[in-house]
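Here the structure is laid out as structure tokens; the discussion comes afterwards.
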Protein chains: 2
Amino acid sequence: MTPSSAAAGVENVLRMLEGRWKLVILFHLFGGKLLRFSDLERAIPAISQKMLIQQLRQMETDGIVRRIVHHQVPPKVEYGLTDWGQSMCPALDTLLKWAAAKPD
Amino acid sequence: MTPSSAAAGVENVLRMLEGRWKLVILFHLFGGKLLRFSDLERAIPAISQKMLIQQLRQMETDGIVRRIVHHQVPPKVEYGLTDWGQSMCPALDTLLKWAAAKPD
DNA sequence: CAGAATCCGTTATGATACTG
DNA sequence: CAGTATCATAACGGATTCTG
């Protein structure tokens with residue numbers, strides 16, 4: 001594994017997690033919770049609708065988040081993590097621990 | 001630890017690693033290598049001077065990279081990782097493994 | 001050699017109003 | 001409720017030129 005190929009691998013991972021709000025959203029979904037669009041809006045007041053839907057869609061495309069549509073009126077759409085999305089927890093934990101170990 | 005505080009923690013970590021070139025630079029420095037500014041330029045031909053110095057400075061501020069100035073003419077400046085910077089390897093590895101485990 | 005300074009195009013994010 | 005559409009701005013990245 002060359003420096004650049006390894007970097008490319010991590011960069012692609014990071015790209016999936018980049019975006020001002022993705023991690024905030026993810027942390028609200030961890031634990032297998034299912035939240036409606038409006039639930040997420042309430043949980044994250046600072047986010048705009050545009051950003052919320054955009055980041056959700058990107059994570060859906062990346063296979064991290066799943067979207068569950070209940071065909072009813074009024075509409076009901078729930079968001080949750082995929083199995084793979086759930087499985088990122090340990091990785092984020094490792095990163096957090098590294099960050100927490102910062103000297104100074 | 002609330003969702004938002006945990007997210008804030010990881011977000012700060014990610015922010016330190018974000019930037020088009022940081023990981024590429026880091027991978028060149030892993031293993032305790034010391035590289036001069038011009039070495040890094042040669043190692044990463046696609047990067048501009050502006051970006052190289054900017055990302056190095058940010059990582060220096062974050063305590064990941066250290067800058068070693070040799071007072072001589074012509075100037076000689078070397079860059080390497082701090083101990084803490086070195087210690088991020090396992091965390092990146094965990095992330096890579098999660099990414100590699102992606103289904104499809 | 002190791003940068004600093006400037007200009008400029010692209011992308012990311014945000015505010016607001018509207019819709020099936 | 002769960003979005004779309006549009007417009008404006010801010011952050012980011014790159015090319016070029018200059019300097020101790």
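Values below: every heavy atom of this structure, side chains too, minus hydrogens, waters and symmetry copies. Each chain gets a letter, A, B and so on, in the order its sequence line appears, and its residues count up from 1.
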*Please determine, for the side chain of B:Gln54, which listed nucleotide (D:dG13, C:dA2, D:dG3) has the closest atom?*
D:dG13

_Length of the CD1-P vector between B:Ile47 and C:dA2, whole Å_ = 15 Å

When the side chains of residues 44-51 of chain A are checked against the rest of the protein, which donor-acceptor pairs come out under 3.5 Å, sequence neighbours left out?
unit_1: A:Ser48; atom_1: OG; unit_2: A:Met51; atom_2: N; d: 3.3
unit_1: A:Gln49; atom_1: NE2; unit_2: A:Glu41; atom_2: OE2; d: 3.3

*Rounded to the nearest Å, what distance is computed from the CD1 atom of residue A:Ile68 to the C1' atom of nucleotide D:dA2?*
15 Å

*asked:* Whether A:Glu11 and A:Arg15 form a salt bridge (side-chain N of Lys/Arg under 4.0 Å from carboxylate O of Asp/Glu) is what I want to check.
replied: yes

*Which pairs count as ring-ring contact (aromatic ring centres under 6.0 Å, His included) when at least one residue sits in residues 69-104 of chain B, sequence neighbours excluded?*
A:Trp84-B:Trp98, A:Trp98-B:Trp84

*Distance, rounded to the nearest Å, where A:Phe37 contributes CZ and D:dA2 contributes C1'*: 6 Å

*For D:dA2, does OP1 or OP2 lie under 4.0 Å from any side-chain N or O of A:Arg36?*
yes

*Tell me: OH of A:Tyr79 to P of D:dC1, nearest whole Å?*
14 Å

*Can you figure out which of C:dA2, C:dA4, D:dA2 approaches the side chain of A:Arg67 most closely?*
D:dA2

*For DNA chain D, write out the stems as range with range, using runs of 3 or more consecutive Watson-Crick or G-U pairs with both distances under 3.5 Å.*
C:1-20 with D:1-20

*asked:* Please compare A:Pro74 and A:Lys50 by the position of their nearest nucleotide in DNA chain D and report the one closer to 5'.
replied: A:Pro74

_Using 0.5 Å steps for rounding, measure from the CD atom of A:Gln55 to the CG atom of A:Leu26._
9.5 Å

*Does the side-chain contact (heavy atoms from CB on, under 4.5 Å) test come out yes or no for B:Arg67 and B:Leu56, once each step is laid out?*
CA-CA 9 Å; B:Arg67 179 168 177 271; B:Leu56 282 170; over 6 Å; no

*With respect to the side chain of A:Ser38, which nucleotide from C:dA2, D:dA2, D:dG13 is positioned closest?*
D:dA2

*Of all the nucleotides listed (D:dG13, C:dG3, D:dG3), which has the minimum atom distance to the side chain of B:Met51?*
D:dG13

*Which atom pair, heavy atoms only, marks the closest approach of B:Ile64 to B:Met88?*
CG2-CE, 3.7 Å

_First encountered from the 5' end of DNA chain C, between B:Leu56 and A:Gln55_ = B:Leu56

*Nearest-Å distance for atom pair CD1/P, residues B:Ile53 and D:dG20*: 17 Å

*Atom CG in A:Leu92, atom CG in B:Leu95: separation rounded to 0.5 Å?*
6.5 Å

*Send over the distance from A:Glu41 CD to C:dA15 C1', rounded to a whole Å.*
14 Å

*Please state how far atom CD in A:Glu78 lies from atom P in D:dA2, giving the value in whole angstrom units.*
9 Å

*For C:dG14, take OP1 and OP2 only and decide whether either is under 4.0 Å from a side-chain N or O of A:Trp21.*
yes

_Nearest-angstrom distance from the residue atom NE2 of B:His70 to C1' of C:dA2_ = 13 Å

*What's the closest nucleotide to the A:Arg57 side chain, out of C:dA2, D:dG3, D:dC1?*
D:dG3

*In terms of the nearest nucleotide of DNA chain C, which residue is placed more toward the 5' end: A:Pro75 or A:Gln49?*
A:Gln49

*Short question: side chain of A:Arg66, backbone of A:Gly80 - any donor-acceptor pair under 3.5 Å?*
no

